Structures are given as C-alpha cells and as structure tokens.
A.B. asks: 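My questions will all concern the structure given below.
Note on naming: letters A, B, ... go to the chains in the order of the sequence lines (proteins, then strands), and numbering restarts at 1 for each one. Note: hydrogens, waters and symmetry copies are ignored here, and every other heavy atom, side chains too, is used. It should be emphasised that the depicted structure is a prediction, and the values quoted were computed from it without experimental measurement.
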Number of protein chains: 2
Amino acid sequence: MPTQPTATAEDLLRLEHHVCFALQTASRAFGSLYRDALREQQITYPQYLVLLALTEHGELPVKRIGELLRLDSGTLSPLLKRLETAGLVQRTRSAQDERSVDVKLTAKGATRSTDSQRALRACAASLGLDPAELQVLQGMLQRLTDRLDAVTGGAVDPGTPVADN
Amino acid sequence: MPTQPTATAEDLLRLEHHVCFALQTASRAFGSLYRDALREQQITYPQYLVLLALTEHGELPVKRIGELLRLDSGTLSPLLKRLETAGLVQRTRSAQDERSVDVKLTAKGATRSTDSQRALRACAASLGLDPAELQVLQGMLQRLTDRLDAVTGGAVDPGTPVADN
DNA sequence: CACAATTCAATTGTGCACAACTAAGTAGTA
DNA sequence: TACTACTTAGTTGTGCACAATTGAATTGTG
C-alpha cells in the first residue's frame with residue numbers, strides 16, 4: 001500500500017501555502033478597512049503607524065522608527081517627507097550625530113494622531129471580534145514572525161513593539 | 001472608583017491594533033522568505049500565485065484570476081504583461097466575448113510553475129512549523145477575512161480559493 | 001593623526017495594491 | 001433597432017515595500 005506515503009507531508013506543505021496566502025489576504029482586507037477609516041483623516045495606515053509611534057515615544061530618529069515599524073529608509077524617507085509636507089511632523093538633523101535625523105510631531109500632527117486613533121478605535125470596535133480569539137491569533141502571528149525572522153535573518157532590534165498603545 | 005471603567009474595552013481595541021500590525025508584519029516576513037526562495041526562479045510571489053492558479057485551473061480569463069487572487073486589473077494587467085514578456089504565459093482575446101482575455105501557461109511557464117512550487121515546498125518544509133497550529137491559524141485568518149469583507153463590501157465571488165494545491 | 005570600516009539617511013529603480021477613469025464589447029429594453 | 005446598463009481590460013497616478021547604491025558623518029584601529 002504505497003498510496004499515502006507522503007500524504008501527511010504534502011498536506012503540511014499545502015497548508016503552509018494556504019497560510020501565506022491567507023495571511024496576505026487578511027492583511028490586505030484589514031488594510032482596506034483601515035484605509036477607509038483613515039480617509040477622512042487624510043493619512044494612510046503606514047503614515048498612521050508613524051504618527052502613533054511618535055505619539056507613544058516622542059521625538060525619534062528615523063532609524064528608530066524603522067526598527068519599530070520594520071521599515072527601511074527607502075520606505076520611510078518619502079513617507080516622512082509627505083508627513084512633513086502635510087505639516088504633521090518636523091524633521092531636524094541631530095546635533096549630537098549629524099548623520100541622524102530626529103522626527104517629532106507638530107501640534108497639528110499630535111491632533112491628527114489622536115483623531116486617527118479615535119477613528120480606528122471606532123472602526124475596530126464595530127467589527128465585534130472575539131478578544132480571546134484575537135489574543136490567540138496575535139500570539140500565533142508573533143511566533144510565526146519570529147520563526148520566519150530566524151530563517152531569513154529577520155528584523156533588527158525592534159525593541160519595544162510599536163503598537164503598545 | 002472610576003479608575004478602570006473602560007479598561008476591558010480599551011484592551012480589546014489595543015489588541016485589534018496589535019493584530020492588524022502583527023498581520024502585516026507576518027505577511028511581510030513570509031513574503032520576504034518566499035521572495036528569496038523565488039529569486040532563482042526569476043519571478044515574484046504574486047507572479048507565482050498567477051502561475052499556480054493557471055496550473056490548477058488551466059486557461060483562465062483575467063477576470064477569474066482576479067477573483068481567485070483578489071486582485072483587480074490595475075494590478076493584474078501589468079503583472080500579466082511581465083509574465084508574457086518573460087514568455088511564461090500567453091494572452092488571447094476570447095472569441096466568445098471580445099471583452100475578455102484568456103490567459104494560459106506556455107510550456108516554459110508550466111515548467112517554471114512546477115520548479116517554483118518545488119522551491120517553495122522545500123523552503124516551507126525547512127521552517128518546521130506545527131501543522132496543527134497552522135491549520136488553526138488558517139481557520140482564524142479565514143474567519144477574520146470573511147468578517148472584514150462583510151464590513152467593507154469585500155471580495156467578489158472568489159469561488160474556489162486559489163491555493164488548493 | 002590617518003585611514004579603513006561602519007552607520008545613517010536619502011535616492012533610484014522595480015514591482016505590487018488600489019482608486020479613478022477610459023475604451024470597447026455585450027446585454028437588456030423601449 | 002436604437003439606446004441605455006453593464007461588463008471587461010487596460011491605463012494613469014499615488015503610495016508602500018524592498019534592493020542597491022550614494023554621500024556624509026562617525027567610529028575603530030594602526
């Protein structure tokens with residue numbers, strides 16, 4: 001009976017395929033919801049995350065924002081430029097280390113951050129998701145990410161995760 | 001004692017924040033791994049998903065590919081053009097309905113699809129993830145996506161999910 | 001001190017996701 | 001049949017993710 005020799009292993013691999021696709025799909029669906037919720041605030045979700053990080057931590061160098069959000073300068077530089085153009089953040093080259101650029105919220109940015117948090121809170125609350133299940137999901141995602149990071153080299157010193165608000 | 005009136009509700013909202021960010025992070029980490037695995041095959045992960053859908057279902061109209069992968073023509077048109085330029089797919093306007101464009105794998109595309117599946121299988125297997133946990137995770141992601149779709153309007157008739165290989 | 005290696009932000013180029021719109025074909029209906 | 005709806009791909013424009021490179025500043029070491 002050589003019919004099912006690698007069936008279990010095959011299923012496993014199929015499953016991992018499913019998970020990667022399901023992950024992307026869920027992420028995009030969530031992003032779509034949050035995009036809608038933030039439209040009125042005139043910012044994108046990645047921009048919101050930056051405002052949130054600055055709200056949480058105060059003035060931060062670009063490098064640190066990148067660690068918190070797992071983004072590099074190729075993504076952050078133009079994003080921060082847009083936020084600065086919108087008058088939400090201010091960038092100043094550090095006096096201690098001229099290579100570094102410190103980013104801080106303007107008054108307008110602080111207000112926008114608060115308003116955006118409120119909008120996303122209302123949006124998330126309306127989903128009526130099960131908190132216990134979300135907690136389990138969050139744990140699984142964390143472990144999965146850690147495992148993936150271990151394989152690929154992964155992220156650099158994320159320190160305190162961003163969204164501890 | 002008005003100290004903890006909305007604490008539970010607050011925690012819930014924080015958690016949902018966590019989950020959206022964790023989702024994006026895990027998705028990007030997985031994408032990064034698969035990108036590395038596919039580098040040798042000269043295709044990206046979204047391109048791989050198209051090849052996979054065509055391998056599974058045979059010739060498909062662009063519309064159907066979009067339903068399977070939840071992508072619109074703004075994403076698919078240029079992506080398919082790149083695949084066609086690479087000689088992996090062929091596009092032909094349908095005779096029955098001149099609006100529709102049918103996409104099918106070339107011989108080269110079929111080979112590339114097979115090779116890519118092998119590469120991703122090996123990559124996924126090396127992670128050593130727990131199948132039971134993956135199954136649970138997949139179910140949670142599916143339910144979450146369904147819930148999000150219900151709120152935002154969601155996806156259009158995905159039919160058979162793509163990654164049923 | 002001089003010089004090599006490293007760090008940090010920015011830039012360039014590619015590809016994906018998505019919104020808005022266009023062009024062309026089809027279907028339904030007065 | 002003429003005319004309106006709708007459908008299907010494609011195009012344009014914006015923003016994000018990421019690889020690779022550049023330039024300037026700092027650090028480490030001889």
A.B. asks: How long is the line joining CZ of B:Arg70 and C1' of C:dC18, in whole Å?
C.D. replies: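 After rounding, the gap between these two atoms is 14 Å.
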
A.B. asks: By nearest heavy atom, map A:Gln96 and B:Thr75 onto DNA chain D; which one lands nearer the 5' end?
C.D. replies: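 Here B:Thr75 is the residue nearer the 5' end.
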
A.B. asks: Counting just side-chain N and O atoms, does B:Lys81 come under 4.0 Å of either OP1 or OP2 of D:dA9?
C.D. replies: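 So the side chain of B:Lys81 is outside the cut-off, no N or O lying under 4.0 Å from OP1 or OP2 of D:dA9.
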
A.B. asks: How close or far is atom C1' of C:dT6 from atom NZ of A:Lys63, stated in whole angstroms?
C.D. replies: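 Checked: the NZ to C1' distance equals 11 Å.
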
A.B. asks: Show me, range against range, the stems involving DNA chain D, built from at least 3 consecutive Watson-Crick or G-U pairs below 3.5 Å.
C.D. replies: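 Listed by first number, the stems are C:1-25 with D:6-30, C:27-30 with D:1-4.
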
A.B. asks: Looking only at side-chain atoms of B:Asp72, point me to the closest of C:dA19, C:dA17, C:dA10.
C.D. replies: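 Looking only at side-chain atoms, B:Asp72 lies closest to C:dA19.
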
A.B. asks: Take a 6.0 Å sphere around CD of A:Glu84 and say whether it holds more than 12 heavy atoms from other residues, nucleotides or ligands.
C.D. replies: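 Correct, the count exceeds 12.
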
A.B. asks: Just checking, is any N or O donor in the side chain of B:Thr55 or B:Ser113 under 3.5 Å from an acceptor N or O on the other one?
C.D. replies: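 Yes, because at least one side-chain N or O of B:Thr55 sits under 3.5 Å from a partner of the opposite role on B:Ser113.
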
A.B. asks: Classify the angle between the aromatic ring planes of A:Tyr34 and A:Phe30 as parallel (below 30°), tilted (30 to 60°) or perpendicular (above 60°).
C.D. replies: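 Ring orientation of A:Tyr34 relative to A:Phe30: perpendicular.
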
A.B. asks: Does B:Arg28 put a side-chain nitrogen or oxygen below 4.0 Å from OP1 or OP2 of D:dC18?
C.D. replies: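 Yes, within the criterion.
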
A.B. asks: For the pair made of CG in A:Leu79 and P in D:dA17, what is the distance, rounded to whole Å?
C.D. replies: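 So the two atoms are 8 Å apart, to the nearest Å.
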
A.B. asks: I'd like to know if A:Asp115 and A:Arg118 make a salt bridge, using a cut-off of under 4.0 Å between side-chain N and carboxylate O.
C.D. replies: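 Judged by the 4.0 Å cut-off on N to carboxylate O distance, A:Asp115 and A:Arg118 do form a salt bridge.
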
A.B. asks: Using a cut-off of less than 4.0 Å, is there contact between a side-chain N or O of A:Arg93 and OP1 or OP2 of D:dA24?
C.D. replies: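 False: A:Arg93 side-chain N/O out of range (4.0 Å or more) of D:dA24 OP1/OP2.
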
A.B. asks: Determine the contact category for B:Leu76: base if any of its heavy atoms lies under 4.0 Å from a base atom, sugar-phosphate if only primed atoms, P, OP1 or OP2 are that close, otherwise nothing.
C.D. replies: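 Result for B:Leu76 = nothing.
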
A.B. asks: May I ask you to decide if B:Asp102's main-chain N or O and B:Arg93's side chain share a donor-acceptor pair within less than 3.5 Å?
C.D. replies: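 Judged by distance alone, no pair lies under 3.5 Å.
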
A.B. asks: With DNA chain D as reference, determine whether B:Asp102 or A:Gly74 sits nearer its 5' end, using the nearest nucleotide of each.
C.D. replies: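 Looking at DNA chain D, the more 5' nearest nucleotide goes with B:Asp102.
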
A.B. asks: In this structure, how many angstroms lie between the P atom of D:dT27 and the CD atom of A:Glu98, rounded?
C.D. replies: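 After rounding, the gap between these two atoms is 12 Å.
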
A.B. asks: Expressed in angstrom and rounded to an integer, what is the separation of B:Leu80 atom CG from C:dG15 atom P?
C.D. replies: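 It works out to 14 Å between those atoms.
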
A.B. asks: Which heavy atom of B:Arg28 sits nearest to which heavy atom of A:Arg70, and what is that distance?
C.D. replies: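 Distance-wise, the nearest heavy atoms are NH1-O, 2.9 Å.
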
A.B. asks: Can you check whether B:Arg35 has a side-chain N or O nearer than 4.0 Å to OP1 or OP2 of D:dC18?
C.D. replies: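 Looking at the OP1 and OP2 atoms of D:dC18, one of them is under 4.0 Å from a side-chain N or O of B:Arg35.
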
A.B. asks: Considering only side-chain heavy atoms of A:Leu71, which listed nucleotide, C:dA9, D:dA17, D:dA9, is closest?
C.D. replies: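 Output: D:dA17.
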
A.B. asks: Find the distance B:Phe21:CZ to D:dA17:C1' and express it as a whole number of Å.
C.D. replies: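 Result: 14 Å.
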
A.B. asks: Report the glycosidic orientation of D:dA5: syn if within 90° of 0, anti in every other case.
C.D. replies: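 Syn.
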
A.B. asks: What is the distance, to the nearest angstrom, from the CG atom on B:Leu60 to the P atom on D:dT8?
C.D. replies: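 Rounding to the nearest Å, CG of B:Leu60 and P of D:dT8 are 14 Å apart.
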
A.B. asks: We want to know whether B:Gln117 and B:Arg121 form a side-chain donor-acceptor pair, criterion being a heavy-atom distance below 3.5 angstrom.
C.D. replies: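 On atom types as modelled, these side chains qualify, holding a pair under 3.5 Å.
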
A.B. asks: Respond yes when some side-chain nitrogen or oxygen of A:Ser73 is under 4.0 Å from OP1 or OP2 of C:dA9, and no when none is.
C.D. replies: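 For C:dA9, OP1/OP2 do not have a side-chain N/O of A:Ser73 under 4.0 Å.
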
A.B. asks: Of all the choices, D:dA25, C:dA9, D:dT11, which nucleotide is nearest to the side chain of A:Pro61 once you look at every atom?
C.D. replies: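 Selected nucleotide (nearest to the side chain): C:dA9.
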
A.B. asks: So, is B:Ser100 near the phosphate of C:dG25, with a side-chain N or O under 4.0 Å from OP1 or OP2?
C.D. replies: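 So the side-chain polar atoms of B:Ser100 never come under 4.0 Å of the phosphate oxygens OP1 or OP2 of C:dG25.
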
A.B. asks: Closer than 4.0 angstrom, basic N to acidic O: yes or no for A:Asp36 and A:Arg39?
C.D. replies: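 Result for this pair is yes, salt bridge flagged.
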
A.B. asks: Taking the nucleotide of DNA chain C with the nearest heavy atom to each, does B:Thr44 or A:Asp97 sit closer to the 5' end?
C.D. replies: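 So the residue in question is A:Asp97.
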
A.B. asks: Give the nucleotide from the list D:dT11, D:dA17, C:dT26 with an atom nearest to the side chain of B:Arg99.
C.D. replies: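 Ranking D:dT11, D:dA17, C:dT26 by closest atom to the B:Arg99 side chain puts C:dT26 first.
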
A.B. asks: Specify the separation, in whole Å, of atom CG of A:Leu38 and atom P of C:dA17.
C.D. replies: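 The distance from CG of A:Leu38 to P of C:dA17 comes to 20 Å, rounded to the nearest Å.
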
